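Because the structure is predicted, anything quoted here is derived from the model rather than measured.
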Amino acid sequence: MDRHWISFTTDYGLEDGFVAACHGVIARLAPEARVIDVTHLVPPGDVARGAHVLAQTVPSLPRGVHLAVVDPGVGTERRPIAIEAAGGGFLVGPDNGLLVPAAEALGGIRRAVHLTDGAWFAPVVSRTFHGRDIFAPVAARLAQGADLASAGSAVADLVRLPPPQLRRLPDGVTAEVLTVDRFGNLQLAAPADAVPGPGAVTVEGRPATAGGTFGDAAPGGLVVFTDSAGHLAVAVNGGSAASLLGTRAGDLVTIRTGHDADRVRE
């Protein structure tokens with residue numbers, strides 16, 4: 001594994017110097033490391049959104065160290081952790097459910113460590129900026145080839161996010177919205193086969209088309225399709241499904257096929 005790659009995901013935004021400070025720490029400790037910024041625009045404190053983005057991105061990234069910080073519990077009793085994935089690579093961040101889905105996307109958890117060895121951290125650790133003072137230094141040291149076992153004690157009881165809601169219906173599915181992207185597309189906690197296509201369906205009682213891409217619906221029309229991560233998704237051709245439906249992450253969306261869809265179409 002080439003550990004010299006570090007991916008970086010946060011809710012820090014781009015208005016302040018938080019991202020740059022972490023980049024600086026990595027550059028000083030591991031100057032040869034190459035950093036890929038996944039996103040720093042995760043909604044503030046939205047651990048679930050950060051977890052979904054990270055889990056869906058890591059399979060496309062080089063094997064290395066994945067640094068992720070969406071950490072509303074910073075400075076509390078929540079643990080700082082690092083995980084070695086069974087399929088290769090490490091994940092570094094808070095023990096609040098953020099890292100586990102990405103580890104599972106990388107083959108599962110080989111081992112996890114509660115980061116307690118202060119020699120791995122910055123000389124002075126702020127209670128409110130563990131990204132700079134704990135997680136970035138740990139990521140940099142792992143990128144340098146340090147042995148994770150020396151960073152702290154093994155743990156097995158990692159925090160996990162609650163599973164998203166999914167209920168199959170005789171004529172469709174009700175599923176939780178996992179993410180809403182910048183285009184207003186809704187990614188659902190449902191597999192592609194939850195709604196057969198192509199054909200007429202309804203989304204929250206509105207007429208829609210089950211298709212393969214946005215253009216399978218008329219301009220302004222709703223389309224249900226399989227997104228690039230393999231999830232069932234809802235979009236508007238040339239518009240925003242989130243705006244049209246008044247839907248956000250965590251809401252439930254019902255898609256129906258068959259007679260209900262036929263009645264709406266008539």
Side-chain angles (χ1 to χ4, degrees), residues 1-71 80-110 112-113 115 120-122 129-146 148 151 178-179 181-183 185 187 227-231:
M1 183 192 73
D2 183 0
R3 292 195 191 187
H4 294 164
W5 288 98
I6 298 176
S7 78
F8 192 20
T9 305
T10 76
D11 61 351
Y12 287 162
L14 301 175
E15 299 86 356
D16 304 296
F18 304 133
V19 172
C22 295
H23 271 272
V25 168
I26 293 169
R28 292 175 67 180
L29 293 175
E32 74 288 351
R34 300 175 66 181
V35 180
I36 298 174
D37 290 289
V38 175
T39 182
H40 301 294
L41 300 178
V42 173
D46 192 340
V47 176
R49 170 67 173 173
H52 293 314
V53 169
L54 186 64
Q56 292 174 31
T57 304
V58 290
S60 299
L61 298 176
R63 288 188 180 182
V65 182
H66 304 292
L67 168 61
V69 189
V70 180
D71 194 15
I81 60 169
I83 297 172
E84 182 180 5
F90 297 88
L91 302 107
V92 179
D95 182 23
N96 60 8
L98 177 65
L99 306 181
V100 172
E104 292 173 342
L106 294 174
I109 297 171
R110 175 171 291 158
V113 168
L115 301 170
W120 283 61
F121 307 160
F129 199 0
H130 286 184
R132 178 193 65 191
D133 299 335
I134 294 179
F135 300 129
V138 168
R141 296 183 193 284
L142 288 172
Q144 290 284 81
L148 177 59
L178 294 179
T179 66
D181 68 18
R182 70 185 303 269
F183 302 102
N185 302 326
Q187 182 186 70
D227 72 7
S228 60
H231 290 269

Would you check, one step at a time, whether the test side chain to side chain contact (heavy atoms under 4.5 Å, CB included) holds for Ile26 with Ile6? CA-CA 9 Å; Ile26 293 169; Ile6 298 176; 3.7 Å; yes

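- Every residue two or more places apart in sequence or in another chain that forms a side chain to side chain contact (heavy atoms under 4.5 Å, CB included) with Pro59 is listed here: Ala105.
- When all heavy atoms of Val113 and Ala151 are compared, the closest pair comes out as CG1-C, 4.1 Å.
- Nearest heavy atom pair, residue Val65 against residue Ala143, reads CG2-N, 4.0 Å.
- Remark: His66 pairs with Ser7 by the side-chain hydrogen bond (donor to acceptor under 3.5 Å, both in side chains) rule, at least two apart or across chains.
- In terms of the side chain to side chain contact (heavy atoms under 4.5 Å, CB included) criterion, residue partners of Thr9 (sequence neighbours excluded) are, by chain and number, Val38, Thr39, Val42, Leu54, Ala68.
- Here CD1 of Ile81 is found 7.5 Å from CD1 of Ile109. Values are rounded to the nearest 0.5 Å.
- Contacts of Asp133 classified as side-chain hydrogen bond (donor to acceptor under 3.5 Å, both in side chains), with partners at least two apart in sequence or in another chain: none.
- Across all their heavy atoms, Leu148 and Ala82 have their closest contact at CD1-CB, 3.5 Å.
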Show me the donor-acceptor pairs, under 3.5 Å and distance only, between side chains in residues 86-102 and residues at least two apart or in other chains.
{"unit_1": "Asp95", "atom_1": "OD1", "unit_2": "Val159", "atom_2": "N", "d": "2.9"}
{"unit_1": "Asp95", "atom_1": "OD2", "unit_2": "Arg79", "atom_2": "NE", "d": "3.0"}
{"unit_1": "Asp95", "atom_1": "OD2", "unit_2": "Arg79", "atom_2": "NH2", "d": "2.7"}
{"unit_1": "Asn96", "atom_1": "OD1", "unit_2": "Leu98", "atom_2": "N", "d": "3.1"}
{"unit_1": "Asn96", "atom_1": "ND2", "unit_2": "Val70", "atom_2": "O", "d": "2.9"}

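- Contacts classified as ring pair (Phe, Tyr, Trp, His ring centres under 6.0 Å) and involving residues 14-39 (residues at least two apart or in different chains) are given here: Phe8-His23, Tyr12-Phe18, Phe18-Phe129.
- Looking only at side-chain heavy atoms (C-beta outward), Cys22 and Thr10 stay at 4.5 Å or farther from each other.
- Across every non-hydrogen atom of Pro137 and Leu29, the tightest pair is CA-CD1, 3.7 Å.
- Residues that satisfy the side-chain hydrogen bond (donor to acceptor under 3.5 Å, both in side chains) test with Asp46, not counting sequence neighbours, are absent from this structure.
- Evaluation of the salt bridge (charged side-chain N to carboxylate O under 4.0 Å, His left out) test over residues 98-110, restricted to residues two or more places apart or in two chains, returns Glu84-Arg110, Glu104-Arg160.
- The OG1 atom of Thr179 lies 7.5 Å from the NE2 atom of His52; values are rounded to the nearest 0.5 Å.
- A distance of 9.5 Å separates CG in Leu61 from CH2 in Trp5, rounded to the nearest 0.5 Å.
- Taking all atoms of both residues into account, the shortest heavy-atom contact from Ala112 to Ile83 is CB-CG1, 4.1 Å.
- Residues forming a side chain to side chain contact (heavy atoms under 4.5 Å, CB included) with Ala146 (at least two apart in sequence, or on another chain): Trp120, Arg141.
- Contacts of Pro80 classified as side chain to side chain contact (heavy atoms under 4.5 Å, CB included), with partners at least two apart in sequence or in another chain: Arg78, His114, Leu115, Ile134, Phe135.
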